[in-house]
Amino acid sequence: MRPDPKSTLSGLRQRLDHRFTQPDRLDRADYQALDQDDRWSYDSLRLQWFGAGFWLKTADTMDLLRSVKGYLRTTHEYAVGERNIVLDGPANVGKTTMLLRLAREVEMAQARMNPDYRRHGVVPVVYIEATPRSTPKMIAAAILDFFGTPVGERRTQRELVGNATDLMIARGTRLLIVDELQMLRLHGPHGDDAMDTLKSIINNAGVVTVLSGIDLTSKLASRAAEHHGPRRNPAPASVLLRLRYRP
């Protein structure tokens, strides 16, 4: 059965909770002793493990984990200032895989502090994906959709933003992940409105935020978007991580 979309609470946790079992390592003699069907099954398990269950610790992945963990440890509900991380890079370099690993690490840390956090309704990580030409209302609605909260067609933008913010506060959310940010039209008034809405939610909810997408460095050029990216003289609260293809 296919999991729910990862931009929903149920779908995200289905992915975080699933564990791929690492196949036994066979030496050459044992591998060659397998018949054709057993060898095909063994190869399939190995490919599945490397494709979905194996996580390679690189300098990039460790930088992301270290930055987010540092913010989470030092964030206080009365603190002010930016706590944003921009994860930039081309397609197919593993950004979403890194984000899911990050979400798992944050949930595991929450479980160590409060083993019954899920039973108490705590949701430490919210994961949403931007859609093409997202409007300000769609940004707030995506957060409500993550929790499975009905949006309602007649709600105003202000109501949706307030509901999304209040819901994250009530559920103890500490990390907001916004993936596929390049889908937003970041230039012009519509992009400014959407980014301003996102900034309002981030500030009022007091969450650490990871914004991820393709070629964001060149696209985060509008006045509102600049609030989320590193300044020309980068402050400690603004981090940019760039992923690249490596030979």
Side-chain angles (χ1 to χ4, degrees), residues 7 12 60-89 93-103 105-107 109 123-131 134 136 138-140 142-143 146 161 164-165 167-169 171-187 191-243:
S7 56
L12 179 64
D60 293 325
T61 58
M62 299 311 296
D63 281 346
L64 177 63
L65 292 176
R66 185 164 46 248
S67 297
V68 172
K69 287 180 178 179
Y71 281 153
L72 291 176
R73 287 172 181 170
T74 58
T75 296
H76 188 275
E77 59 183 329
Y78 294 112
V80 296
E82 299 172 0
R83 297 176 295 275
N84 305 319
I85 297 170
V86 176
L87 181 61
D88 186 21
V93 293
K95 294 187 298 298
T96 299
T97 300
M98 288 178 61
L99 296 175
L100 292 177
R101 177 67 188 198
L102 172 63
E105 291 281 340
V106 173
E107 289 242 350
V123 181
V125 182
V126 170
Y127 178 102
I128 65 173
E129 292 179 326
T131 56
S134 292
M138 291 169 65
I139 295 294
I143 296 174
F146 176 85
V161 170
T165 301
L167 190 53
M168 285 198 293
I169 293 173
R171 302 296 290 273
T173 301
R174 304 190 66 204
L175 175 65
L176 171 63
I177 297 174
V178 184
D179 201 3
E180 306 295 349
L181 193 66
Q182 78 281 354
M183 293 292 186
L184 289 177
R185 185 192 298 171
L186 295 176
H187 298 283
D192 284 354
D193 288 345
M195 293 300 289
D196 280 337
T197 297
L198 183 57
K199 180 177 176 60
S200 176
I201 294 172
I202 292 170
N203 289 342
N204 292 331
V207 293
V208 175
T209 308
V210 178
L211 307 174
S212 176
I214 299 172
D215 194 24
L216 295 181
T217 306
S218 63
K219 294 177 180 177
L220 288 173
S222 69
R223 183 169 55 190
E226 285 176 351
H227 289 292
H228 297 279
R231 302 174 181 137
R232 293 183 180 179
N233 296 313
S238 188
V239 176
L240 169 63
L241 300 176
R242 292 191 180 96
L243 303 185

Looking only at non-hydrogen atoms, find the nearest pair between [X] and [Y] and report the distance.
| X | Y | value |
| --- | --- | --- |
| Phe146 | Tyr127 | CD1-O, 3.2 Å |
| Ala140 | Ala164 | O-CB, 3.8 Å |
| Leu176 | Met168 | CD1-SD, 4.4 Å |
| Val161 | Ser200 | CG1-OG, 4.1 Å |
| Ile128 | Ala142 | CG2-O, 3.7 Å |

### Query
Less than 4.0 Å between a side-chain N and a carboxylate O, is that true for Arg66 and Asp63?
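So Asp63 pairs with Arg66 through a salt bridge.
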Taking C-beta and beyond as the side chain, do [X] and [Y] meet within less than 4.5 Å on heavy atoms?
| X | Y | answer |
| --- | --- | --- |
| Leu198 | Leu211 | yes |
| Leu100 | Leu12 | yes |
| Leu167 | Ile143 | no |
| Met183 | Thr131 | no |
| Arg101 | Leu64 | no |

With rounding to the nearest 0.5 angstrom, report the [atom1] to [atom2] distance, [X] to [Y].
| X | Y | atom1 | atom2 | answer |
| --- | --- | --- | --- | --- |
| Arg174 | Leu72 | CZ | CG | 4.5 Å |
| Leu102 | Thr97 | CG | OG1 | 12.5 Å |
| Thr209 | Lys199 | OG1 | NZ | 10.0 Å |
| Met98 | Ile177 | CE | CD1 | 10.5 Å |
| Ile202 | Asn84 | CD1 | CG | 5.0 Å |

### Query
Is there a donor-acceptor contact under 3.5 Å from the side chain of Thr165 to the main chain of Ala205?
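Judged by distance alone, no pair lies under 3.5 Å.
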### Query
Does the Gln182 side chain pair with the main chain of Ile214, one donor and one acceptor, at a distance under 3.5 Å?
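Checking the backbone N and O of Ile214 against the side chain of Gln182, a donor-acceptor pair under 3.5 Å is found.
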